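Worksheet: one structure, shown below.
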Amino acid sequence: MGTKPVLVVHGGAWAIPDEFGERSIPGIKNAVKSGFAVLEMGGSSMKAVEIAVRALEDDTMFDAGHGAVLNADGYVELDAIIMNGKTLAAGAVSCIRNISNPVTFACSVLEKTPYVMLTGMGANQFAEKLGIPQVPVEELVTDHAKAEWEQYRKYKQTVKSLFNTELVHDTVGAVAIDCEGNVACATSTGGITNKMVGRVGDTPVIGSGGYADNLVGAVSATGHGESIMKVTLARLILFHMEQGDPGSNSCPGAGTRAWISCIPDECKTPEEAADSALHYMEKRVHGRGGVIVISKTGEWTARFTTKRMAWGAIKEGVLMYGLNPGEIIQEIIKPSK
């Protein structure tokens with residue numbers, strides 16, 4: 001038989017207040033169940049991560065799609081990426097407006113253009129050609145997001161200082177492996193409240209907000225975008241899974257040609273690789289965040305250096321989810337017939 005399918009999702013790594021945390025868990029569980037249903041029916045990891053992220057974009061609890069926040073001029077700019085680990089094909093959009101499901105638009109970029117990323121006005125013009133409906137800003141922005149914007153625009157705060165507050169949202173994502181052993185990732189965000197017009201974070205940047213490669217695994221990242229981009233967090237984690245720690249002598253690839261693989265027992269597990277990369281990012285550029293990771297064999301992890309990260313996963317009939325450091329809650333689910 002083929003590979004056992006696995007799906008993992010996250011709803012953002014930040015200092016999630018108690019009321020937000022409790023209200024985000026149902027959305028996380030709904031998203032992971034929706035995406036895993038695709039895998040159970042023999043569907044692809046690409047379709048599974050798209051469906052899972054769409055569910056999160058449609059949930060106003062999360063900063064993506066219908067829960068997006070406002071930039072400094074009081075409107076929404078959205079970013080998303082999706083990547084196919086089998087072919088390394090990727091589609092991304094940045095600074096798009098009035099589109100409720102950016103992840104599906106990113107799929108269209110992958111499938112219908114020779115490019116990886118479309119941005120701003122050109123991206124929205126392409127969406128019009130495809131017949132992708134544009135919705136009013138009011139449909140995407142909650143009253144809470146409007147209140148945040150009113151509060152933050154009174155102060156001269158940097159994107160990083162906003163990220164470190166208790167009120168800032170951040171990013172959603174999914175990674176999966178299907179029954180054929182193909183991995184995929186998807187990440188989507190509405191950015192950070194009061195961000196400078198035109199600011200693009202890590203989410204749509206290949207290798208930063210997400211990366212997928214059948215030879216290693218897949219990652220979706222969340223957190224302080226500028227820090228994530230500086231260390232190319234998603235690709236750094238997969239590098240650790242391929243090579244071990246390049247700063248140590250434990251891996252035969254260290255100090256030699258970068259494409260030499262280390263022996264399996266020396267390479268890092270998803271958890272070890274995630275922790276190593278996140279701690280490096282915190283030490284090197286003082287940035288915090290979180291990741292979900294899946295390996296080419298179906299091992300997975302959800303790790304973060306922020307106060308909390310909402311996440312969920314399904315593997316072999318068990319739904320797991322959590323919010324706080326070290327927390328793993330399990331529920332047995334019945335497989336679809």
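Keep in mind it's a predicted model, so treat the numbers as computed, not measured. Scope of the values below: all heavy atoms of this structure, side chains included, with no hydrogens, waters or symmetry mates.
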TODO: Check the pair Glu226, Arg199 against salt bridge (Lys or Arg N to Asp or Glu O under 4.0 Å), reporting the backbone distance first and the verdict last.
DONE: CA-CA 10 Å; Glu226 281 68 20; Arg199 179 262 184 184; 2.9 Å; yes

TODO: Could you identify which residues cluster with Val205, counting Ile, Leu, Val, Met, Phe, Trp and Tyr as linked when any side-chain heavy atoms lie under 4.5 Å apart, either directly or through a chain of such contacts?
DONE: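 Direct or chained contacts put Val205 with Met229.
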
Side chains of [X] and [Y] in contact at under 4.5 Å (non-hydrogen atoms):
{"X": "Lys307", "Y": "Ile16", "result": "no"}
{"X": "Val291", "Y": "Leu278", "result": "yes"}
{"X": "Leu7", "Y": "Leu39", "result": "yes"}
{"X": "Val172", "Y": "Asp63", "result": "no"}
{"X": "Trp300", "Y": "Val293", "result": "no"}
{"X": "Ser100", "Y": "Glu57", "result": "no"}
{"X": "Cys267", "Y": "Glu242", "result": "no"}
{"X": "Met46", "Y": "Leu110", "result": "yes"}

Determine whether [X] and [Y] fall in the same hydrophobic cluster, where Ile, Leu, Val, Met, Phe, Trp and Tyr are linked whenever their side-chain heavy atoms lie under 4.5 Å apart.
{"X": "Ile329", "Y": "Val9", "value": "yes"}
{"X": "Val32", "Y": "Ile333", "value": "yes"}
{"X": "Val116", "Y": "Val183", "value": "no"}
{"X": "Ile25", "Y": "Phe36", "value": "yes"}
{"X": "Val200", "Y": "Leu233", "value": "no"}

Task: side chain to side chain donor-acceptor pair (under 3.5 Å) partners of residues 25-37, not counting sequence neighbours, each pair once - done: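 Only Lys29-Glu331 qualify under side chain to side chain donor-acceptor pair (under 3.5 Å).
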
Listed pairs under 3.5 Å, donor-acceptor, residues 309-318 side chains, sequence neighbours left out:
residue: Lys315; atom: NZ; partner: Gly298; partner atom: O; Å: 3.2
residue: Glu316; atom: OE1; partner: Lys4; partner atom: NZ; Å: 3.1

Open item on the list: According to salt bridge (charged side-chain N to carboxylate O under 4.0 Å, His left out), who are the partners of Asp275, at least two apart in sequence or on a separate chain?
Closed with: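 Salt bridge (charged side-chain N to carboxylate O under 4.0 Å, His left out) list for Asp275, sorted by chain: Arg303.
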
TODO: Take Val175 and Val6 through the test side chain to side chain contact (heavy atoms under 4.5 Å, CB included) and record every step on the way to the result.
DONE: CA-CA 8 Å; Val175 295; Val6 183; over 6 Å; no

For [X] versus [Y], what's the shortest heavy-atom pair and its separation?
{"X": "Ile82", "Y": "Cys107", "answer": "CD1-SG, 3.4 Å"}
{"X": "His286", "Y": "Ser227", "answer": "C-OG, 4.5 Å"}
{"X": "Ala273", "Y": "Ile237", "answer": "CB-O, 3.5 Å"}
{"X": "Met61", "Y": "Ser24", "answer": "CE-N, 4.2 Å"}
{"X": "Met117", "Y": "Val109", "answer": "N-CG1, 4.4 Å"}
{"X": "Gly173", "Y": "Ile292", "answer": "O-CD1, 3.8 Å"}

From [atom1] ([X]) to [atom2] ([Y]), nearest 0.5 Å:
{"X": "Ser188", "Y": "Phe105", "atom1": "OG", "atom2": "CZ", "value": "12.5 Å"}
{"X": "Gln330", "Y": "Ile332", "atom1": "CD", "atom2": "CD1", "value": "6.5 Å"}
{"X": "Thr222", "Y": "Ile228", "atom1": "OG1", "atom2": "CD1", "value": "6.0 Å"}
{"X": "His279", "Y": "Met281", "atom1": "NE2", "atom2": "CE", "value": "10.0 Å"}
{"X": "Met320", "Y": "Ile328", "atom1": "CE", "atom2": "CD1", "value": "8.0 Å"}
{"X": "Ile177", "Y": "Ser45", "atom1": "CD1", "atom2": "OG", "value": "8.0 Å"}

Open item on the list: Using side chain to side chain contact (heavy atoms under 4.5 Å, CB included), reason through Leu238 and Val219 one step at a time and then give a plain yes or no.
Closed with: CA-CA 8 Å; Leu238 294 184; Val219 179; 3.7 Å; yes

Backbone N/O of [Y] and side chain of [X]: donor-acceptor pair under 3.5 Å:
{"X": "Thr187", "Y": "Ala80", "answer": "no"}
{"X": "Asp178", "Y": "Glu180", "answer": "yes"}
{"X": "Arg308", "Y": "Ala15", "answer": "no"}
{"X": "Thr171", "Y": "Thr189", "answer": "no"}
{"X": "His66", "Y": "Asp59", "answer": "no"}
{"X": "Ser44", "Y": "Lys47", "answer": "yes"}

- [ ] I would like to know whether Asn182 and Asn84 meet side-chain hydrogen bond (donor to acceptor under 3.5 Å, both in side chains); could you show each step before the answer?
- [x] CA-CA 8 Å; Asn182 296 316; Asn84 185 333; over 6 Å; no

- [ ] Check the pair Lys296 / Leu215 against side chain to side chain contact (heavy atoms under 4.5 Å, CB included), numbers first and verdict last.
- [x] CA-CA 6 Å; Lys296 64 182 180 180; Leu215 299 181; 5.7 Å; no

Review item, side-chain donor-acceptor pairs of residues 91-99, under 3.5 Å, at least two apart:
residue: Ser94; atom: OG; partner: Thr119; partner atom: OG1; Å: 2.6
residue: Arg97; atom: NH2; partner: Tyr75; partner atom: OH; Å: 2.7
residue: Asn98; atom: ND2; partner: Val135; partner atom: O; Å: 2.7

Open item on the list: My understanding is that only one of Ile81, Leu236, Leu88 makes a side chain to side chain contact (heavy atoms under 4.5 Å, CB included) with Tyr211; could you say which?
Closed with: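 Option passing the side chain to side chain contact (heavy atoms under 4.5 Å, CB included) with Tyr211: Leu88.
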
TODO: Could I get the full list of side chain to side chain donor-acceptor pair (under 3.5 Å) partners for Thr305, not counting sequence neighbours?
DONE: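 Result, side chain to side chain donor-acceptor pair (under 3.5 Å) vs Thr305: none returned.
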
Task: Steps toward side chain to side chain contact (heavy atoms under 4.5 Å, CB included) verdict (Phe126, Tyr115) - done: CA-CA 12 Å; Phe126 182 60; Tyr115 311 117; over 6 Å; no

Open item on the list: Distance alone, cut at 3.5 Å: any donor-acceptor contact between the side chains of Thr269 and Glu299?
Closed with: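 There is no such pair between these side chains.
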
